[in-house]
2 protein chains.
Amino acid sequence: MNVTRDIAGKETSATHGAYLTLREMILTGALPPGEKLKIEQLRGLLNTGASPVREALSLLTSDMLVERIDQRGFRAAPVGKANFEEILTLRCTLEPMALRASIANGAADWEERLVLRHHHMKKASQRDATDFEVAHKAFHMALLDNAGLPMLERYCAQLYDLNIRYRNLAAGGASYRKRSIATEHQEILDAALDHDADAATDLLISHYRRTGEYLSRQMEA
Amino acid sequence: MNVTRDIAGKETSATHGAYLTLREMILTGALPPGEKLKIEQLRGLLNTGASPVREALSLLTSDMLVERIDQRGFRAAPVGKANFEEILTLRCTLEPMALRASIANGAADWEERLVLRHHHMKKASQRDATDFEVAHKAFHMALLDNAGLPMLERYCAQLYDLNIRYRNLAAGGASYRKRSIATEHQEILDAALDHDADAATDLLISHYRRTGEYLSRQMEA
DNA sequence: CCCCTCCAAAATATCGATATTATTTGACAC
DNA sequence: GTGTCAAATAATATCGATATTTTGGAGGGG
């Protein structure tokens, strides 16, 4: 049983392919937290050499999805309540910062991009759940990508993924209770288009905290 | 002419050694911004194989010290005014956040560690300039390391290094004008020991902004 | 019964060589 | 002169094999 995506064409380099696949496997929980990641085993799974696997794992290390213990190999990053709450805290600090900057720069083409992404997300939500995930991330990142602060955006993207990982691990399946997520997104969008930074950031934060605290309660130590 | 440190004993793995050496070379400017980093060339410099070099460069990528262009190798990360200002902005947001948390947690052993590091820094400043650099970073990191927020600390450490790089690149030598740095450090320490978070963070921010804006003025586009 | 030492098995880290891909060079036509 | 294409060159990415290190366990002492 080969988990590697043999999907449509372009796999630039073996390293990059391995990176994407392993990343996905960790985010979805196919590789559970703490799991020992043996080179040989992964080499087989991805049918590639040891070097690309090794390099991919190195890259995942800096995404904080993989832990490296020198001379002792790699393992999927552990999870914990403290870690989850740190992610939440950082997101609630960094994303509003980026969103404010985006709004402040507010160019017309950004607003268009935003509307478009939001539309795609709505469409996707009626179809496939994984399509929605992709579109959801795209929308949230679009909120931040007019800030002109690439490092900050990178941090936010990283934290977004780490958060998704917890959600995937917590929900045995697609539980992700639909709450009023659609409404919340709409409100955030509207506030952003209104250049109302205070409202937009408040909405964003409570959007995060609500799901955050719900997940947090479901975790032990 | 071999730049590799053959210094005292313990080089755990070749990869880690290469990582440390390359990192230092980029931070000091021995490998200037934008420089093409050819595997073969570095392999010779560090007298090690291609794999460790490659892996070290991958790791440096996530420290934002090296840029990777798929299928086209690595190069030392470029620099620019916008990037520098983003680093400054992020530091002025993240470090106060960490410092506040550290103070809030305020354990006795943390205060001791703080006093100690400050002492070491003062001693080091009378000796070697590179000793001082190490101690200076240790002091600043100690201010943040009681926050219990490891990811945040990691971001701060990363940004600290990126900032140091700009300082090294700007100063042809040890210019680093001594201003009243010693006083500033003392004040920050005192405020932290007083559990005066507002004062401590204000002092920290102006400590950064002062050198920051000075360097920023020295840069073109 | 627990602990320490030493050996075998397994896994990591590293090397050297090869296949692939980008870049340069130079000839040729326009 | 200038632009284009193709071969030659150079560098990257990847593989397969080897050396080193850790891990797990068996066999004695304490």
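Everything numeric here is computed off the predicted structure, so don't read it as measured data. Throughout, a chain's letter reflects where its sequence line sits, starting with A, and its residues are numbered from 1.
Note on A:L57: nothing from the nucleic acid sits closer than 4.0 angstrom, heavy atoms only.
Here the P atom of nucleotide C:dG16 and the CD atom of B:E40 are 11 Å apart, to the nearest Å. As rounded to whole Å, 10 Å separates atom C1' of C:dT12 from atom CZ of A:R68. As a whole-Å value, the separation of A:R43 CZ from D:dG16 P is 7 Å. Separating the CG atom of A:L37 from the P atom of C:dT12 is a distance of 9 Å, rounded to the nearest angstrom. Between the P atom of D:dT14 and the OH atom of A:Y19 lies a distance of 16 Å, rounded to the nearest Å. To the nearest angstrom, C1' of C:dT23 lies 11 Å from NZ of B:K38. Atom CG of A:L42 and atom C1' of C:dT12 are 13 Å apart (whole Å). The CD-C1' distance, from B:Q41 to D:dT12, rounds to 14 Å in whole Å.
Phosphate contact (OP1/OP2 of C:dT14, side-chain N/O of B:T48, threshold under 4.0 Å): absent. For A:K36 and D:dT23, the shortest distance from a side-chain N or O to OP1 or OP2 is not below 4.0 Å. An OP1 or OP2 oxygen of D:dT14 is reached within less than 4.0 angstrom by a side-chain nitrogen or oxygen of A:T15.
Atom CG of B:L37 is separated from atom CG of B:L65 by 10.5 Å, given to the nearest 0.5 angstrom.
In this structure, A:E55 and A:Q71 both approach DNA chain D, and ranking their closest nucleotides by distance from the 5' end singles out A:E55. Judged by closest nucleotide on DNA chain D, A:S51 is the one of A:R72 and A:S51 placed further toward the 5' end.
Looking at A:R68, its side chain never comes within 3.5 Å of a backbone N or O of A:F74 through a donor-acceptor pair. At least one donor-acceptor pair under 3.5 Å links the side chain of A:E86 to the backbone N or O of B:M151.
Proximity of B:I164 to B:K137: side-chain heavy atoms (C-beta onward) are nowhere separated by under 4.5 Å.
Just one of B:H119, B:H120, B:H118, B:H140 meets the ring-ring contact (aromatic ring centres under 6.0 Å, His included) condition when paired with B:H185; it is B:H140.
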